[in-house]
Amino acid sequence: MKTIIVNIVLCAMLCTVVACDSWLDTTPPSQVPEEDQFGDEFGFRQALIGCYIGMANENLYGKQLTWYSVDMQSGQYTLHSQGQVYAMGTYQYTAQRSLTVLNTVWQRAYSVIANANNALKFIDNRQDVLDPLSYRMIKGELLAIRGMLHFDMMRLYGYGNLANRTDKATKPTIPYVTVYDKEMTPQLSYDETIKLVIKDLTDALGLLDDEPITGKHPADYYEALNDDGFFSDRSFRLNYYAVKALLARVYMWEGSDASIASARQEALDVIRDGERLGLYRWITTDVVGTDPVHSTEHIASLNIPAFTDRLKDFYLYNFLEGTEYNAIKLSEGNMISIYEEEGDGENADYRREKLFFRNANGYYTPLKLAQDRSTGYLRLNRMPLIRLPEMYLIVAESYLKGASIDLNEAVSYLKTLREYRSNYIKIDGFTRDKLLTCLMNEYRREFLCEGVTFFYFKRIGLTDIPGSTIVMDDGRYLWPYPAIEREMGRAQ
C-alpha cells in the first residue's frame, strides 16, 4: 500500500470537542506548507485534534468500528435482509455494500495514521517551539493513536485466535506505517507487528507519565499551559491510563502466557490507580437512567458532535418492522439468551431493565447511545472507546488462562462487575469452564453498541456465537483487504 498522503484538514464544523473549542474554531487551508503548519505549538495541537476528528468519523469509531458494522457482527442482533448493514452483519464480504465499508474503513484509518506520522516527523526537530510538557503530551498521544489504529486494523483485517496459531512468526499481516512518504510499506509478521504496536504504546506511556490524569503534580502545575483548556478532560483523549488499557487489549490479543500476565498487570494498574485517584465511578441502577452511556466509567471516549444525526435512522422506537429495514434491534429470544441466568441469588440486572426500549412489535431497541429520549440524559455526544468493566474482565480472564490460574481471583473480579449491575447470582465454586462461560456472557451483556464483543469472540476463536445460527471461521472473522491492496501484492 502506498502510504495515503492526506493534508491535515481540521473541520471547524465538527468543533464541539469538550474543552477544545478554541482549537477548532480556526481551520487552516486544505493545503498548508509543512514548515508553516508546524512552525509553532498551535500547529501541532491542531494536528493532534485533527487526528481525533478523523477517528470520530463515521467510517471509524464514530460508527463502523463501534456501534454499527463491528457490533452487528457480534451476532446479537436481528438484521433485516434489506438493511444497509445486513451484508456486513452476515459476513458477505463480496457484496457491494460490504466492499464499500471494507475500503473506506481501511482508507480512513491509514489517513489518520498518515496525519499522525506527518506531525511525528516534525515534532522532535521543533521542540524549540513547544513547551516541554506539551511536547511530551502531544507526541505521546500521536504515538498512541498510531498504535491503536494499527492494532485495530490488524484485529479486523488480520487473523484472530493468535494464541492457538503456529505461524505468527512468519505470516504477514497489515502494513505498519511509521513514516510519512509515498513508499510502499512492507508487511511484517504478526509477531513483529505486535511488537511495533507495543513499542508505540510503551513509548507513549513514557511520554505521558506526568500528564494531568496521573496526579503526579498538583492542578496548578498545569494552569499556565492549560489556560485555553486544551489539556482539560483527559477522558476525551488517549490519556495515560487509556494507553495502559490499550496495552492490556494488545497483550490479551497476542495470547501467550507471558502476555496474559502483562495484560493483567496493565489492567490492574488502571483499576487500582483509578480507585486511588478517583478517576472512574461505577454506574449503578439509580443513575443509569440519566447516563446510559456510562460516562463515568469511560477510560477514553470520543466526542461526536450532533451524534443524534448519525443514530436517529437506526435506533428507533415503536418502528414498523415491514418498512424500517435499518432499525437496530434485538429479539426476545436474544434478550433471553444474553440476560437470563439460573442460579442461587437475585438477578435484577439493570442492563436488561433500563438499557432497552421494548417496542410494540416485540423487538428491543438499545438505549445505551440514546441522545433524543425525553428522560433527562446528561451525557450526550460521547462514544466510548474503552471502559472500566473491560479491565475487570481482562483481569478475570487472566486468572482463568495462562500460567497463574486462580479461580477465586477470577470470581472476585467477575462479581465486582456483576454486582454493580445488580446481578447477585452466586458464582463462587464454579468450575473454570463455567467461569469462562460467565465471562463470555458478561462481554455480551456489557458491550452492546460498542463493538467490543465481536473482537472478544474473534480473539478466542469462537465458532458458535450464542444467539447466531452462523458457524464462524477464519473466512467470516477476517475482513478482506481492499482490492487495490491485493492487486499490489499484499498477502493476507
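What's counted below: heavy atoms across the whole structure, side chains too, no hydrogens, waters or symmetry copies.
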Peer 1: With side-chain hydrogen bond (donor to acceptor under 3.5 Å, both in side chains) as the criterion, how do Asp273 and Tyr240 come out once you've worked through the C-alpha distance, each side chain's angles and the decisive distance to 0.1 Å?
Peer 2: CA-CA 11 Å; Asp273 285 2; Tyr240 179 82; 5.9 Å; no
Peer 1: Does this structure show an ion pair linking Asp269 with Lys244, if we count only N-O contacts that are shorter than 4.0 Å?
Peer 2: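 A salt bridge links Asp269 with Lys244.
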Peer 1: I want to check something: taking the side chain as every heavy atom from C-beta on, are Met391 and Ile386 in contact at a cut-off of under 4.5 Å?
Peer 2: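 Yes, at least one pair of side-chain atoms sits under 4.5 Å.
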Peer 1: Is there a donor in the side chain of Asn118 and an acceptor in the side chain of Asn115, or the other way round, less than 3.5 Å apart?
Peer 2: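 Asn115 and Asn118 do not have a side-chain donor-acceptor pair below 3.5 Å.
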Peer 1: Using residues 447-462 as the side-chain source, report each donor-acceptor pair under 3.5 Å to any protein atom, sequence neighbours left out, with the distance given to one decimal.
Peer 2:
from, atom 1, to, atom 2, distance (Å)
Glu450, OE1, Arg387, NE, 3.1
Glu450, OE2, Lys368, NZ, 2.6
Glu450, OE2, Arg387, NE, 3.1
Glu450, OE2, Arg387, NH2, 2.8
Thr453, OG1, Tyr443, O, 2.9
Lys458, NZ, Arg155, O, 2.5
Lys458, NZ, Leu156, O, 3.0
Lys458, NZ, Gly158, O, 2.7
Lys458, NZ, Tyr477, O, 2.9
Arg459, NH1, Glu397, OE1, 3.4
Arg459, NH1, Glu397, OE2, 2.8
Arg459, NH2, Glu397, OE1, 2.8

Peer 1: Which of these passes ring-ring contact (aromatic ring centres under 6.0 Å, His included) with Phe357: Tyr363, Tyr317, Phe319?
Peer 2: Tyr317
Peer 1: Quick check: do Val112 and Leu60 have side-chain heavy atoms less than 4.5 Å from each other?
Peer 2: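 A side-chain contact exists here, since the closest heavy-atom pair is under 4.5 Å.
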Peer 1: Can you list everything that forms a side-chain hydrogen bond (donor to acceptor under 3.5 Å, both in side chains) with Ser331? Sequence neighbours excluded, please.
Peer 2: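 By the side-chain hydrogen bond (donor to acceptor under 3.5 Å, both in side chains) rule, Ser331 matches no residue at all.
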Peer 1: Answer with yes or no whether the side chains of Tyr481 and Arg486 bring together a donor and an acceptor at under 3.5 Å.
Peer 2: no
Peer 1: Is there side-chain contact between Ile283 and Tyr350, with heavy atoms separated by less than 4.5 Å?
Peer 2: yes
Peer 1: Could you tell me if the side chain of Met72 sits less than 4.5 Å from the side chain of Ile328, heavy atoms only?
Peer 2: yes
Peer 1: Between atom CG of Leu414 and atom CG of Leu436, what is the distance when rounded to the nearest 0.5 Å?
Peer 2: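 Interatomic distance, Leu414 CG to Leu436 CG, rounded to 0.5 Å: 9.5 Å.
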Peer 1: Tyr315 and ring-ring contact (aromatic ring centres under 6.0 Å, His included): which single residue from Phe307, Tyr364, Trp67, Phe356 fits?
Peer 2: Trp67
Peer 1: Step by step, would you call Ser69 with Gln64 a side-chain hydrogen bond (donor to acceptor under 3.5 Å, both in side chains)?
Peer 2: CA-CA 5 Å; Ser69 288; Gln64 298 292 0; 2.5 Å; yes
Peer 1: CG of Leu149 to OG of Ser111: how many Å apart, nearest 0.5 Å?
Peer 2: 10.5 Å
Peer 1: Below 30° counts as parallel, above 60° as perpendicular, anything between as tilted: where do the rings of Tyr93 and Trp479 land?
Peer 2: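 Aromatic pair Tyr93/Trp479 classed tilted.
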Peer 1: By the definition side-chain contact (heavy atoms from CB on, under 4.5 Å), identify the one residue from Ile113, Thr185, Thr193 that meets it with Pro175.
Peer 2: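 It is Thr185, the one option of Ile113, Thr185, Thr193 that forms the side-chain contact (heavy atoms from CB on, under 4.5 Å) with Pro175.
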Peer 1: Using modelled atom types only, decide if a donor and an acceptor are shared between the side chain of Ser295 and the backbone of Asp291 within a distance under 3.5 Å.
Peer 2: no
Peer 1: Give me each pair satisfying side-chain hydrogen bond (donor to acceptor under 3.5 Å, both in side chains) with a member in residues 249-262, each pair once, sequence neighbours excluded.
Peer 2: Lys168-Glu254, Arg249-Glu390, Glu254-Ser256, Glu254-Ser259, Ser256-Ser259
Peer 1: Flag the pair Ile174 / Trp106 as yes when at least one side-chain heavy-atom distance between them is below 4.5 Å, and no otherwise.
Peer 2: yes
Peer 1: Kindly indicate whether the side chain of Ile465, heavy atoms from C-beta on, has any atom under 4.5 Å from the side chain of Ile470.
Peer 2: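 Not touching, per the 4.5 Å side-chain cut-off.
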Peer 1: How far does CG of Asn57 sit from CG of Leu302, to the nearest 0.5 angstrom?
Peer 2: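 Asn57 atom CG to Leu302 atom CG measures 11.0 Å (nearest 0.5 Å).
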Peer 1: Hey, are Tyr339 and Asn423 close enough side-chain-wise for a donor-acceptor pair under 3.5 Å?
Peer 2: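 Looking only at side-chain atoms, Tyr339 and Asn423 do not form any donor-acceptor pair under 3.5 Å.
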Peer 1: Return the set of residues passing salt bridge (Lys or Arg N to Asp or Glu O under 4.0 Å) with Glu341 (not counting sequence neighbours), or none when no residue passes.
Peer 2: Arg418, Arg445
Peer 1: Apply the test side-chain hydrogen bond (donor to acceptor under 3.5 Å, both in side chains) to residues Asn408 and Asp406: give CA-CA distance (whole Å), side-chain angles for both, the deciding distance (0.1 Å), then the verdict.
Peer 2: CA-CA 6 Å; Asn408 290 330; Asp406 188 327; 4.6 Å; no
Peer 1: Looking just at side-chain N and O atoms, do Asn361 and Asn359 make a donor-acceptor pair shorter than 3.5 Å?
Peer 2: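 On atom types as modelled, these side chains do not qualify, holding no pair under 3.5 Å.
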Peer 1: Inspect the surroundings of CG in Asp309 and state if more than 12 heavy atoms from other residues, nucleotides or ligands are less than 6.0 Å away.
Peer 2: yes
Peer 1: Is it the case that Lys171 places NZ or CZ above or below the six-membered ring of Tyr190, under 6.0 angstrom from the centre and within 45 degrees of the axis?
Peer 2: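 Geometry flag: not set, cation outside 6.0 Å or 45°.
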Peer 1: When rounded to the nearest 0.5 angstrom, what is the spacing between CG in Asp71 and OG in Ser74?
Peer 2: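 Separation between the atoms: 4.5 Å.
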Peer 1: Please work out whether the ring planes of Tyr392 and Tyr413 are parallel, tilted or perpendicular, with thresholds of 30° and 60°.
Peer 2: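 Judged by the thresholds at 30° and 60°, the geometry between Tyr392 and Tyr413 is tilted.
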Peer 1: Who pairs with Asn239 by side chain to side chain contact (heavy atoms under 4.5 Å, CB included), at least two apart in sequence or on another chain?
Peer 2: Glu211, Ile213, Arg234, Tyr241, Ala242
Peer 1: OH of Tyr91: more than 12 outside heavy atoms within 6.0 angstrom?
Peer 2: yes
Peer 1: Checking Asp474 now: which residues fulfil salt bridge (Lys or Arg N to Asp or Glu O under 4.0 Å) with it, not counting sequence neighbours?
Peer 2: Arg165
Peer 1: How far apart are the C-alpha atoms of Arg146 and Asn117, what are their side-chain angles, what is the distance that settles it, and do they pass the side-chain hydrogen bond (donor to acceptor under 3.5 Å, both in side chains) test?
Peer 2: CA-CA 8 Å; Arg146 186 171 77 183; Asn117 282 335; 2.8 Å; yes
Peer 1: Counting C-beta onward and ignoring hydrogens, is there a side-chain heavy-atom pair between Pro366 and Tyr77 closer than 4.5 Å?
Peer 2: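 Yes - at least one pair of side-chain heavy atoms lies under 4.5 Å apart.
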Peer 1: Hey, could you give me the CG/CG distance between Leu369 and Leu380, rounded to the nearest 0.5 Å?
Peer 2: 11.0 Å
Peer 1: Is it the case that Gln92 and Thr90 place a side-chain donor and acceptor less than 3.5 Å from each other?
Peer 2: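 Yes, because at least one side-chain N or O of Gln92 sits under 3.5 Å from a partner of the opposite role on Thr90.
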Peer 1: With a 4.0 Å cut-off on N to O distance, would you call Lys199 and Asp203 a salt bridge?
Peer 2: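 Yes, Lys199 and Asp203 are salt-bridged.
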Peer 1: Just checking, is any N or O donor in the side chain of Gln84 or Arg97 under 3.5 Å from an acceptor N or O on the other one?
Peer 2: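 Distance-only check fails for Gln84 and Arg97.
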Peer 1: Check the pair Glu442 / Arg351 against salt bridge (Lys or Arg N to Asp or Glu O under 4.0 Å), numbers first and verdict last.
Peer 2: CA-CA 11 Å; Glu442 290 308 315; Arg351 292 171 294 192; 2.9 Å; yes
Peer 1: Do Glu192 and Ser189 pair up side chain to side chain, a donor and an acceptor below 3.5 Å, judged on atom types alone?
Peer 2: yes
Peer 1: For the residue pair Leu247 and Thr202, establish whether any side-chain heavy-atom pair is separated by less than 4.5 Å.
Peer 2: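 Counting from C-beta outward, Leu247 and Thr202 do come under 4.5 Å.
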Peer 1: Just checking, any donor-acceptor pair under 3.5 angstrom between side chains of Tyr176 and Asp200?
Peer 2: yes
Peer 1: Under a 3.5 Å cutoff, is there a donor and acceptor pairing between the side chains of Thr285 and Arg421?
Peer 2: no
Peer 1: Using the rule given for ring-ring contact (aromatic ring centres under 6.0 Å, His included), can you reason through Tyr68 versus Phe314, listing the C-alpha separation, both sets of side-chain angles and the distance that settles it, and then say yes or no?
Peer 2: CA-CA 9 Å; Tyr68 202 52; Phe314 302 96; 5.0 Å; yes
Peer 1: How many angstroms lie between CD in Glu58 and CD1 in Ile304, if you round to the nearest 0.5 Å?
Peer 2: 10.5 Å
